[in-house]
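A quick write-up on the structure given underneath.
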Amino acid sequence: MSTQTALQPGGLSRREQFAGRWAFIFAAIGSAVGLGNIWRFPYVAYENGGGAFIVPYLIALLTAGIPLLFFDYAIGHRFKGSPPLAFRRLSKWAESIGWWQVLICFVIGVYYAAIIAYAAMYTWFSFGERWGDDPEAFFFGEYLQVPEGVAPTLEFVPAVFWPMLVVWVILLVVLGAGVQRGIAMASLIGIPVLFIMFIALVIVALTLPGATDGLNALFTPNWSVLSDPQVWIAAYGQIFFSLSVGFGIMITYSSYLKRRTNLTGSGLMVGFTNSSFEILCGIGVFSALGFMAQANGVQVADVVSNGIGLAFIAFPTIISQAPLGVLIGVLFFASLVFAGFTSLISILEVVVSAVKDKLGWSRWTTVIVVVGVSGIVSLLLFSTTTGINVLDVTDAFANNFGIVGAALVAVVVVSWLLRRLDGMVSHLNAVSSFRVGRIYKILVAVILPIVLAYMWVSDVVLKATEGYGDFPAWFVGTFGWGMSIALIVVAILLALLPWSQRSALHSELNDNLGPESVTGEEELAGAVPGARGAPTGHGRHVDTPSSPPRSPSHPEHPEKGV
């Protein structure tokens, strides 16, 4: 149960906690398994060599995805805080990185709710195949009522507004209930239901005529693409965006873990579960696309799409033509709802946790304010007739400019400017069964910055020179570049605000660092070779002055699997 209000010696309170490791793992999987797994991975794999793409994909998982996941876990668990608090305890000059990640989560959260609302309505539409003979015209015309111009309006679409409002109300209840009774419980229920529904969808899709053609199109390897650098970048990008790393979620969730938790073992389970689900999504989606191609007498390449196009145009077409179409529609769109909602919970919890840590408010007060403000912004921007246009541009910049940029800065600052990577490694090895060492540090300090920098610079150059889609420059400048730059400015301003005396910085005990760490001035030992707390060469961790005394109840190395 939550122990946030339990007072410790000295009048300090403990941070909320997950009841156990499995609650955390399900919550982390719920965050990682999202819309991108279902509607992005199959397309990316198909476009980048089919079966051959699995090679760079797995290499990217092992050399970038899981190392960055460990990196987030180490920061969150070691410094027991939301991104601003964790980076503040790392160094007072790094707090703005945490706020940048929080603001990215705010932006993603306000438009993510709209996509969940679309999926919820399409679950209902599946029963009567409301889209008729032209799913594309129905989606953009009758359902979203998209006008010819892109200028934002306040013309609300009831079929989007009301389901979005329901999403925000449910989110309010789940986040208000707390880490264990709200977030963990939602994930413990939602993730098994999601997996059961999607497995059922895959089984039905595999029975469709033409399913084999779709699977052949997806998995037939084109080995020649392995010499193309863009294929490798696509693999790293897919892993990076699908694991929920680099923008505060895993830092926040790991801050709710107990002191003795197997971080690396949990990370491996989350990483491989996420990738397994992506491959499952590829099988289900391309089986259905193979049927669609055969039914229309075209090649699979002619019907392949991703994102909004796959979900709300291609799949309705499949549903209208397939045997058991209603069942396929309900399973597919309900899966989008569950995958999206568990991810949205994690995204907004980053914002809730950060505000709660900084101001020292109660959870319910923080949730009401954060979810209330987020919901109002979300409904005003994305439940209108022009909401899909704002969503498209905002999503492109929040992911590529925002998440990649924030992750790049975090890795470079921790590894090179503050030189704290040794301390992160020491902490991971002190509590985990799977130990990391020199290779891990090379991956985080060298490989990750190179990959992230290439992804970030190439995307910035592309958008700066070619714009984004067919949108006018003023629209992209406002909701793309303007939003992205504003997040950085606001993050710096928030970091300059003083921490309330009721804040977690001053009132929460971090038993990884010791009581004196609540001032936020504790410096992580182990950053400088030879310092107390640095690795000794024998795989053991030496106590630092800021570490609490060892006791029989807190052994230096937990048993494997704890």
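When a residue number appears, it is its place in the shown sequence, counting from 1. Note that the structure is a prediction, hence the values are computed from the model and not measured.
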Mind listing the closest non-hydrogen atom pair of [X] and [Y] along with its distance?
X      : Y      : value
Leu348 : Ser374 : CD1-OG, 3.7 Å
Ala114 : Leu391 : CB-CD1, 4.0 Å
Leu418 : Ser91  : CD1-CB, 3.7 Å
Leu263 : Leu428 : CD1-CD2, 3.9 Å
Val411 : Pro449 : CG1-CG, 3.7 Å
Ala398 : Val107 : CB-CG1, 4.2 Å

Separation between [atom1] of [X] and [atom2] of [Y], rounded to the nearest 0.5 Å:
X      : Y      : atom1 : atom2 : result
Leu35  : Phe341 : CG    : CZ    : 13.0 Å
Leu344 : Cys105 : CG    : SG    : 10.5 Å
Ile116 : Tyr111 : CD1   : OH    : 11.5 Å
Leu165 : Ser378 : CG    : OG    : 10.0 Å
Gln180 : Leu188 : CD    : CG    : 7.0 Å
Arg502 : Ser13  : CZ    : OG    : 12.5 Å

> Can you name the residues that form a side-chain contact (heavy atoms from CB on, under 4.5 Å) with Thr478, not counting sequence neighbours?
Replying inline: Trp474

>> Suppose we screen for side-chain contact (heavy atoms from CB on, under 4.5 Å). Which residues come up paired with Ser266, at least two apart in sequence or across chains?
In response: Arg21, Phe24, Ile25

Side chains of [X] and [Y]: closer than 4.5 Å at any heavy-atom pair?
X      : Y      : value
Val371 : Trp168 : yes
Leu448 : Phe71  : no
Tyr112 : Phe382 : no
Val44  : Asn306 : no
Met483 : Val390 : no
Phe106 : Val490 : no
Phe240 : Ile403 : yes
Arg88  : Asp357 : no

Using modelled atom types and a 3.5 Å cut-off, is there a donor and acceptor pairing between side-chain atoms of [X] and backbone atoms of [Y]?
X      : Y      : answer
Arg420 : Leu90  : yes
Asn37  : Gly34  : yes
Ser255 : Thr252 : yes
Lys358 : Leu497 : yes
Thr261 : Lys258 : yes
Lys92  : Ala495 : no
Ser31  : Ala28  : no
Thr264 : Phe434 : yes
Ser503 : Ser500 : yes

>> Which label fits Tyr468 and Phe397: parallel for a plane angle under 30°, tilted from 30 to 60°, or perpendicular past 60°?
In response: perpendicular

>> Can you classify the ring geometry of Tyr440 versus Phe70 as parallel (below 30°), tilted (30 to 60°) or perpendicular (above 60°)?
In response: tilted

>> Between Ser254 and Asp72, does the side-chain hydrogen bond (donor to acceptor under 3.5 Å, both in side chains) criterion hold? Intermediate values first, please.
In response: CA-CA 8 Å; Ser254 60; Asp72 282 353; over 6 Å; no

>> Just checking Ile439: does its CD1 atom have more than 12 heavy atoms from other residues, nucleotides or ligands closer to it than 6.0 angstrom?
In response: no

>> Atom CH2 of residue position Trp93 - does it have more than 12 heavy atoms of other residues, nucleotides or ligands inside 6.0 Å?
In response: no

> Where do Leu61 and Ile66 land on the side-chain contact (heavy atoms from CB on, under 4.5 Å) test, with the steps shown first?
Replying inline: CA-CA 6 Å; Leu61 173 67; Ile66 288 177; 3.9 Å; yes

> Any salt bridge between Arg363 and Glu349, counting N to O under 4.0 Å?
Replying inline: yes

> Does the gap between the ring centers of Tyr253 and Phe18 come in under 6.0 Å?
Replying inline: yes

> So, for Tyr236 and Tyr454, is the gap between ring centers shorter than 6.0 Å?
Replying inline: no

>> Using the rule given for side-chain hydrogen bond (donor to acceptor under 3.5 Å, both in side chains), can you reason through Tyr73 versus Ser432, listing the C-alpha separation, both sets of side-chain angles and the distance that settles it, and then say yes or no?
In response: CA-CA 11 Å; Tyr73 284 178; Ser432 302; over 6 Å; no

> Side chains of Ser426 and Arg78: is there a donor and an acceptor less than 3.5 Å apart?
Replying inline: no

>> Please evaluate residues Trp22 and Met269 with respect to the criterion side-chain contact (heavy atoms from CB on, under 4.5 Å), reporting the C-alpha separation (whole Å), side-chain torsions for both, the decisive distance (0.1 Å), and the verdict.
In response: CA-CA 10 Å; Trp22 279 105; Met269 184 170 294; 3.3 Å; yes

>> Walk me through whether Val460 and Phe401 qualify under side-chain contact (heavy atoms from CB on, under 4.5 Å).
In response: CA-CA 7 Å; Val460 168; Phe401 187 94; 3.7 Å; yes

> Do Ile183 and Phe26 pass the side-chain contact (heavy atoms from CB on, under 4.5 Å) test, and can you show the C-alpha distance, the side-chain angles, and the key distance before you say yes or no?
Replying inline: CA-CA 10 Å; Ile183 297 170; Phe26 270 86; over 6 Å; no

